[in-house]
Each structure stands twice: as structure tokens, then as C-alpha cells.
Amino acid sequence: MGNRIIFHIDVNSAYLSWEAVHRIQHGETLDLRTVPSVVGGDPETRHGIVLTKSIPAKKYNIQTGETIYSAKAKCPELIIVPPNYGLYMQCSRAFGDILREYSPLVEQYSIDEYFMDFTNMGRLYTDPVETAYKIKDRIKEELGFTVNIGISTNKILAKMASELKKPDKVHTIFPYEIADKMWCLPIEELFMVGRATAKKLRSRAINTIGALAHADLKMIRLFLKSHGVLVWNYANGNDISAVRENRRTMIKGIGNSTTIPFDVEDATTAHLVLLSLTETVASRLRQTEYCARLVSVSLRTNEFYSCSHQRKIASAIDCTNAIHEVACELFDELWKGEPVRHLGVRVSELCRNDFMQLSLFEKDYEKQRVVDRTIDSIRERFGPDAVFRSSFLNSGVRFRSGGTVDDEEYPMMSSIL
DNA sequence: TCTGGGGTCCTAGGACCC
DNA sequence: TCTGGGGTCCTAGGACCC
């Protein structure tokens, strides 16, 4: 196996860029990217954090994930726009379609990132770097937003390369360039080194990616276990994982969680929120033609204490009511009576729903499944709000939280590239 | 006017069995 | 009565990504 050529393509300030382009296309004269601005949630409903910042906003030291409140304090004239996930899905798709013109082997890693295997494309295209510039400029011209492209011989180096200088840039980190371009960077810049790992490494005087690369692997393994081996390899540019089309990969779980605009203080309201979360989870589960054997509920209190509770169930299910019933049991066992800020429902241990085994005691589940499917098809034809349970009337609880992903699903990123 | 939501993977401890 | 170890399954929590 010869050397590979891998591209990593990353949208610059994705949500914000996409919103800016959308506004310009609809006659807006101000380009959000040229002023301090962020995409962020609404503090009124307790969703007030920064999701994406413009480059001018970055100059005010505004960080992704910080509160809108503190971002405004750093820059009073900051423009805040709400997220629009439907738009992002469209942009993401259009972006991927262009990439697939350059190689058949394209992997979507997240809503705004793709890997592309350019090995063997040399017969069609003169030079990878030259082609990367072409792709970048085409995306800018046709779709209106800029990307960074990183090029190397594997995924980790391509990804690290695309993170170098932004925006609208092409970078390479070929193996012979690792020392010059990557080892000087602070340790937290390395993929998979988050706050906890950075702290542990820095406490042992490992402050740069280069220092980690040169550290003794046995020592790293001793205090960071398998994760240490992973990041040590990344620091050395070692990665043999393949770019894989994300059609066939098994989805592991489906979840929906929400921060409630008010503190929930009674079980009845909590159960209603769980129902709204379960409606989304269960309909997505049925849409993907899976059943689940594990249900978990997570909870965050008004004091930001988080905990979770899960249970394996006897036979796999996909009914809204059945999942909701388990979720309520789990909540009742978990909840100690504190005011609840956030609730989540997640199903996992999925299996195909075609050869479902139903025990005799669960025979009315068949009827229930027919009801679910009927409701699913009504919502498909007339919109998600066409039917909802009367228990939500005047409850102050949104009857369906989160969104169903109506386009084809792509599996989310994992730590192993 | 405080702190999102969607994922994946790993680890540790206890139960249980041989 | 005591001492043991290995294997699997289950659960909770933590770390990381975007």
C-alpha cells in the first residue's frame, strides 16, 4: 500500500457563515462575518450560549460555549442570531455534493466537516494542493462560504492541517512537516486532547504536541490508559484509519434532551416533558427501522447536578408509550425532588425491528405500534404539528421537542477517526 | 440576562457464575 | 471455615468531538 492523499474540509464559522450567506441572498447588505456576531440560543428560554462566533467576535475573546450574557459583556454591540438547523442541513448537503465531484470516497464527519480520499485521483487531477485551491474557490463562488482544506497522508494530519490558519486557506502537514507545523502547537490543540487530558499532561510538563510526541509511551499509558496511547499516536501523526462512506455504519443510539425554560418541580410535568422527548426519539427510532433494548433518562437540577439512570428491558421496543412508560419509571427512581432544569431520553442497544419477538404479555403492543405508525404517517403528510396529545394542552410544555432529522441520517463522529 | 444538544467510547465497580 | 480468580453482564459516570 503506497502513500495515501487525504483531504479534510472544514467550513469556517459554519453556522454563522451559512446564516450570513442566507441573509445576503435575501437582500441583507450587512455581512455578519465582517462584524462581531454569534449564532446563539435565547437566554429567555435558558438556551443562552454561543454556538458559533464570527472572526471579529473572536477578537473580543468571545468563546464558543460561553454564555450570551458574558459575550455581550465583552462586546456590547455584538449581533446575536438564532440557530437555523434546517438551513445548516441544506448547506451541508450542497457542500458534500461538490466534494463528491472530486472523489467518490467522501466521508461526512459532522455537519460542517468532510474527509475525502484523494489517493488515485492523481490521474484525473494534476496536483492535490492545486485541486484543493480549486475546490475551495468553487465552494466560495457557488455556495458563498469559505472553507479550510487540510491535506496529508492520513486523517489526523489532514484534520490538524485544516485547523491551522483560518479562514479560506489550504494547508498541508505531510509527515516531514509534522515537526515544523504541529509540534510547536500547545497541547490542547491536538485532536482528542480536551480540558481533562490537557490538565493531566500539563501537570507533567507536557505542554506542546511535540512534548507529547517525544514522551515515553509507557509512562503515558500508565496515567492516561488507552486514551493516552491514542493521543500519543496522534501527536506523532500515526493513524491508519480509512475514509469510509457513511452509509452502512450501524447507528448506536438515539437521544433527545432539553433544557426546560422553567424549573420542573412536580412529577406530572416531568412526565409530560419526558413524553415530548420520547415522541421525537421513538419516531426517529421507527423511521430508522430499529427497536431498542435499553432506555436511559438523564436529569440536571437547577444547581447543575447531573445524573442518569438506565434499564435494560426484556424485549426490544419502538412504541412511544412503551418507551415513555420506562422513562417515567426511571425518572421516578432517579428524582429526589430537586427542581429540574434539564431532562433527556435516550435509547440504545438497537436491533432491526423486522423479526421482533413479542411475549404473550405484550400482545397489545402490536395495536400500539399500529397507532404509532398511523401518527407517524399523518405527521409525514401534514407536518409534525398535525397531531399532538391533548395532555400537552395548556401545560406550558412543548409537545414535541428537538427536531426529527428528515434527511438521510449520517452517523456522528467518533474518537477513532 | 448564567451555563445547549447531538453523539461515541472507555472505565470502574458490583453482581453473579464457574 | 477460609482463601481465589477469571469471566461476563449491568450500571453510572466521565471524557471527548462538533
Side-chain angles (χ1 to χ4, degrees), chain A residues 8 10-11 13-15 38-52 63-73 76 78 80 82-83 85 88-89 92 108-114 155-156 159 162-163 188 190-200 224-231 234 246 249-261 277 280-281 284 293-313 330 333-334 341-350 401-405 409-417:
Chain A
H8 181 255
D10 192 328
V11 179
S13 314
Y15 292 179
V38 297
V39 174
D42 179 7
E44 291 275 319
T45 57
R46 314 205 286 190
H47 288 68
I49 65 153
V50 173
L51 298 168
T52 312
Q63 309 284 334
T64 299
E66 79 174 301
T67 59
I68 295 292
Y69 174 79
S70 110
K72 260 186 175 166
L78 186 70
I80 298 148
Y85 293 100
Y88 308 155
M89 296 297 291
S92 178
Q108 182 157 24
Y109 183 65
S110 72
I111 196 156
D112 69 332
E113 285 176 55
Y114 286 85
K155 289 167 93 176
I156 182 65
K159 182 155 169 62
S162 73
E163 303 282 312
E188 31 281 297
L190 183 62
F191 177 68
M192 288 309 290
V193 175
R195 224 183 26 220
T197 307
K199 197 177 162 201
K200 287 179 194 165
L224 288 180
K225 311 281 170 66
S226 65
H227 190 249
V229 179
L230 181 83
V231 293
Y234 285 170
N246 20 17
T249 48
M250 254 275 257
I251 174 170
K252 300 284 169 43
I254 296 171
N256 190 199
S257 65
T258 190
T259 293
I260 306 139
L277 294 165
T280 316
V281 167
R284 287 178 56 202
R293 284 200 60 201
L294 186 67
V295 180
S296 27
V297 164
S298 61
L299 171 165
R300 177 143 66 229
T301 70
N302 63 341
E303 294 181 310
F304 268 77
Y305 167 76
S306 301
C307 54
S308 66
H309 193 27
Q310 66 182 50
R311 177 140 58 232
K312 210 161 181 170
I313 48 188
L330 289 166
E333 290 164 12
L334 185 61
R341 177 192 177 88
H342 173 108
L343 282 171
V345 174
R346 154 162 288 274
V347 294
S348 49
E349 301 210 357
L350 308 183
S401 45
T404 48
V405 186
E409 304 259 341
Y410 55 86
M412 275 300 166
M413 53 269 161
S414 76
S415 53
I416 315 304
L417 291 173

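All figures in this text were calculated on a predicted structure; none of them were measured in a lab. Naming: A, B, ... by sequence-line order, numbering from 1 per chain.
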Please state whether the phosphate of B/dG4, meaning OP1 or OP2, lies under 4.0 angstrom from any side-chain nitrogen or oxygen of A/T258. no
- Side-chain N or O of A/H227 closer than 4.0 Å to phosphate OP1/OP2 of B/dT11: no
From CD1 of A/I49 across to P of C/dC18 the rounded distance in Å is 15 Å
When rounded to whole Å, the CG to C1' distance for the pair A/L230 and B/dT8 reads 12 Å
A/L343 atom CG is separated from B/dG6 atom P, nearest whole Å, by 12 Å
Here the distance between atom P of B/dT1 and atom CD of A/E44, to the nearest Å, is 6 Å
Exercise for the section: Look at A/R341 and B/dT3 and indicate whether a side-chain polar atom (N or O) is within less than 4.0 Å of OP1 or OP2. Expected result: yes
Of A/R293 and A/L334, the one whose nearest nucleotide on DNA chain C sits closer to the 5' end is A/R293
| query | Taking it one step at a time, do A/E113 and A/K159 satisfy salt bridge (Lys or Arg N to Asp or Glu O under 4.0 Å)? | reply | CA-CA 9 Å; A/E113 285 176 55; A/K159 182 155 169 62; 2.9 Å; yes
Interatomic distance, CE@A/M192 vs OH@A/Y234, rounded to 0.5 Å, equals 7.0 Å
A/I68 vs A/I80 side-chain heavy atoms within contact, under 4.5 Å: yes
Between the OH atom in A/Y88 and the CD1 atom in A/I111, the distance rounded to the nearest 0.5 Å is 8.5 Å
- Message: What I want to find out is whether A/E188 reaches A/R195 closely enough, with some N-O distance under 4.0 Å, to be called a salt bridge.
- Response: no
Here the gap from A/I260 atom CD1 to A/H342 atom NE2, rounded to the nearest 0.5 Å, amounts to 8.0 Å
The residue, A/K72 or A/V50, whose nearest nucleotide of DNA chain B is more 5′ is A/K72
Write out a two-atom table: protein N or O, nucleotide N or O from nucleotides 12-16 of chain B, distance below 3.5 Å.
unit_1 : atom_1 : unit_2 : atom_2 : d
B/dA12 : OP1    : A/K225 : NZ     : 2.6

Re B/dC18: Watson-Crick or G-U wobble partner, both distances kept under 3.5 Å, found to be C/dG5
Inset, instruction - Assign A/L51 to base, sugar-phosphate, or nothing according to its heavy-atom contacts below 4.0 angstrom with the strands shown. - result: base
Per atom distances to the A/T259 side chain, the nearest of B/dT11, B/dT8, B/dG4 is B/dG4
Determine: side-chain N/O of A/N256 to OP1/OP2 of B/dG5, distance under 4.0 Å, yes or no.
no
Separation of B/dG6 atom P from A/Y88 atom OH, nearest Å, is 15 Å
Subject >> Sugar-phosphate, base or nothing in reach of A/G41, heavy atoms under 4.0 Å >> reply: nothing
Quiz item: For the side chain of A/E66 and the backbone of A/Q63, is there at least one donor-acceptor N/O pair under 3.5 Å apart?
Solution: yes
- Query: Does A/R46 place a side-chain N or O at less than 4.0 Å from the phosphate oxygens OP1/OP2 of B/dC2?
  - Reply: no
*Is a side-chain N or O of A/Y305 found less than 3.5 angstrom from the main chain of A/L299, in a donor-acceptor match?*
no
A/T67 has its side chain closest, among B/dT3, B/dG4, C/dT11, to B/dT3
- Message: Quick check, does A/F304 stack with B/dT3? I mean ring centres under 5.5 Å and planes off by under 30°.
- Response: yes
Next item on the list: Would you classify A/T197 as touching base, sugar-phosphate or nothing, given that sugar-phosphate means primed atoms plus P, OP1 and OP2, and contacts are heavy atoms under 4.0 Å?
Entry: sugar-phosphate
OP1 or OP2 of B/dT11 versus the side-chain N and O atoms of A/S226: is any pair under 4.0 Å?
yes
Picking from B/dC10, B/dC9, C/dC18, the nucleotide nearest the side-chain atoms of A/K159 would be C/dC18
Sorted by position of nearest nucleotide on DNA chain B, 5' first, the leading residue of A/G253 and A/Y85 is A/Y85
- prompt: How is A/G344 classified with respect to the nucleic acid when contacts are heavy atoms under 4.0 Å: base, sugar-phosphate, or nothing?
  reply: nothing
Atom CE of A/M192 and atom P of B/dC10 are separated, to the nearest Å, by 9 Å
Quick note, A/K312 side chain, CB onward, closest among C/dT11, B/dG6, C/dC18 is C/dT11
Taken to the nearest whole Å, CZ/A/R300 to P/B/dT3 is 11 Å
Whole-Å distance, A/E349 CD to B/dG7 P, equals 16 Å
### Sugar-phosphate, base or nothing in reach of A/E113, heavy atoms under 4.0 Å
sugar-phosphate
Please state whether the phosphate of C/dT11, meaning OP1 or OP2, lies under 4.0 angstrom from any side-chain nitrogen or oxygen of A/S296. no
| message | Is the phosphate of B/dG6 approached by A/R284 (side-chain N or O, under 4.0 Å from OP1 or OP2)? | response | no
OG1 (A/T280) and CG (A/N256) are apart, to the nearest 0.5 Å, by 4.5 Å
Base orientation of B/dC2, chi within 90° of 0 counted as syn, else anti, reads syn
Heavy-atom check, side chain of A/H8 versus side chain of A/D10, under 4.5 Å: yes
